[in-house]
Amino acid sequence: MKKALITGITGQDGSYLTEHLLDLGYEVHGLVRRVALEQPEHRLSRLRSVLSRIHIHAANLDSYASIFHVLSKHEFDECYHLAAQSFVAESFVDGFSTMQTNINGTHYVLAALREVQPKCRFYFAGSSEMFGKAQAVPQKEDTPFHPRSPYGISKVAGFQLTINYREAYGMFCCNGILFNHESPRRGYEFVTRKITHGVARIKTGLASELALGNLEAKRDWGHARDYVQAMHLMLQQPTPDDYVIATGETHSVREFCEFAFAQVGLDYRDFVKRDEVVYRPAEVDLLIGDASKAHRMLGWKPGVGFKGLISEMIQSDLEMVSPAARGELVSPGT
Ligand code: F7E
């Protein structure tokens with residue numbers, strides 16, 4: 001039985017990856033902060049259905065010693081490093097802690113692996129935010145990076161660290177360059193979930209408006225459940241490499257709103273208000289990925305498209321805010 005370690009196991013991607021690896025017969029271990037263990041109902045909620053089948057260890061990305069401790073006690077075949085401060089807007093508020101967690105945290109995991117388990121395969125969660133002010137359309141593996149936030153910069157550093165450990169020490173280290181990926185498990189601070197949750201609250205009379213920032217930004221949005229499969233596939237290849245994971249379609253935040261509100265028979269223009277506060281000091285205007293290398297080398301393709309993703313998120317949020325609101329969707333979407 002293969003053993004995998006997931007940092008960031010409590011997040012959206014960590015929970016889907018856990019389920020995927022369990023289905024494949026893995027023994028799954030996760031690193032979580034001690035504070036999460038003190039509030040399991042809240043912090044481990046995405047793992048509720050699998051909690052009895054996984055192994056949780058307390059560790060902190062700010063502490064090399066805590067990571068080293070776990071890695072010296074258990075042997076792993078694969079390590080998926082997903083933990084990060086992942087909210088771009090927050091990285092403008094406190095760039096220092098984003099850098100500390102995302103860069104040093106990644107370095108600690110790599111250094112500890114090198115020390116005690118150099119044969120363990122390593123996955124780094126790179127991001128389309130590394131492309132930032134995109135130098136080519138669509139973006140692929142050889143598109144130059146031009147990050148536009150401390151978050152994007154921290155991911156470029158993590159990406160380069162991962163390559164450096166591969167080249168310098170011959171470790172099996174891969175970078176996934178994942179474009180935006182969403183689901184009903186997405187955090188409420190991200191725009192997709194803010195919209196679908198907002199739509200559900202408005203539809204059920206719990207709210208009357210939704211305050212948003214830049215509606216013109218365009219993103220390539222896929223489903224997180226599809227994207228974690230690509231992470232696993234990268235670590236099954238004969239040689240380590242880096243891959244763009246994306247749908248190849250781009251839509252604006254405005255289009256997302258339009259379709260999401262229309263799903264429950266509403267017009268977004270009647271409810272969406274402008275909120276200056278959530279505009280970013282430097283915006284990433286357009287992201288669209290070319291995942292043809294992943295199609296070719298990994299046999300990976302996204303399963304869920306833009307409309308299917310929004311329908312699933314809206315349905316889930318309707319059920320969450322009001323169980324009586326089941327079946328409110330106007331059309332199922334594709
Ligand atoms: O913003 C605009 C905002 O916060 C998307 C993370 O997973 O994907 C994610 O980063 C766009 C931006 O995600 C609001 O200005 C408008 O242009 O949902 P987001 P993100 O910044 O694209 C990448 C791949 C990652 O790696 C990140 O970790 O939507 N926008 N109005 C808004 N965004 C937010 N959050 N809230 C608004 O009210």
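Each residue takes its place number in the sequence, starting with 1. Values below: all heavy atoms of this structure, side chains included; hydrogens, waters and symmetry mates excluded.
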Nonpolar side-chain network containing I288, other nodes, edges under 4.5 Å: V137, L286
N-O pairing of E283 and K133 below 4.0 Å: no
Residues K119 and D77 bridged, charged N to O under 4.0 Å: no
Donor + acceptor pair across side chains of D220, T250 (<3.5 Å): no
Salt-bridge contact E216-K218 (side-chain N to carboxylate O under 4.0 Å): no
H223 side chain to S183 side chain, donor-acceptor N/O pair below 3.5 angstrom: no
Within 6.0 angstrom of E189 CD, more than 12 heavy atoms from elsewhere: yes
Flag for Q85-S91: side-chain donor and acceptor within less than 3.5 Å: no
Y26 and E78 side chains, donor-acceptor separation under 3.5 Å: yes
Any donor-acceptor N or O pair under 3.5 Å, side chains H57, H29: yes
Worked verdict on V284 versus E129 for side-chain contact (heavy atoms from CB on, under 4.5 Å): CA-CA 8 Å; V284 170; E129 284 294 303; 3.5 Å; yes
Atom of F76, atom of Q117 and distance for their closest heavy-atom approach: N-OE1, 2.7 Å
Electrostatic pair E141-R296, nearest N-O below 4.0 angstrom: no
Y123 and Y80 aromatic ring geometry - parallel, tilted or perpendicular at 30°/60° bounds: tilted
Salt-bridge present (D242, K293; N to O < 4.0 Å): no
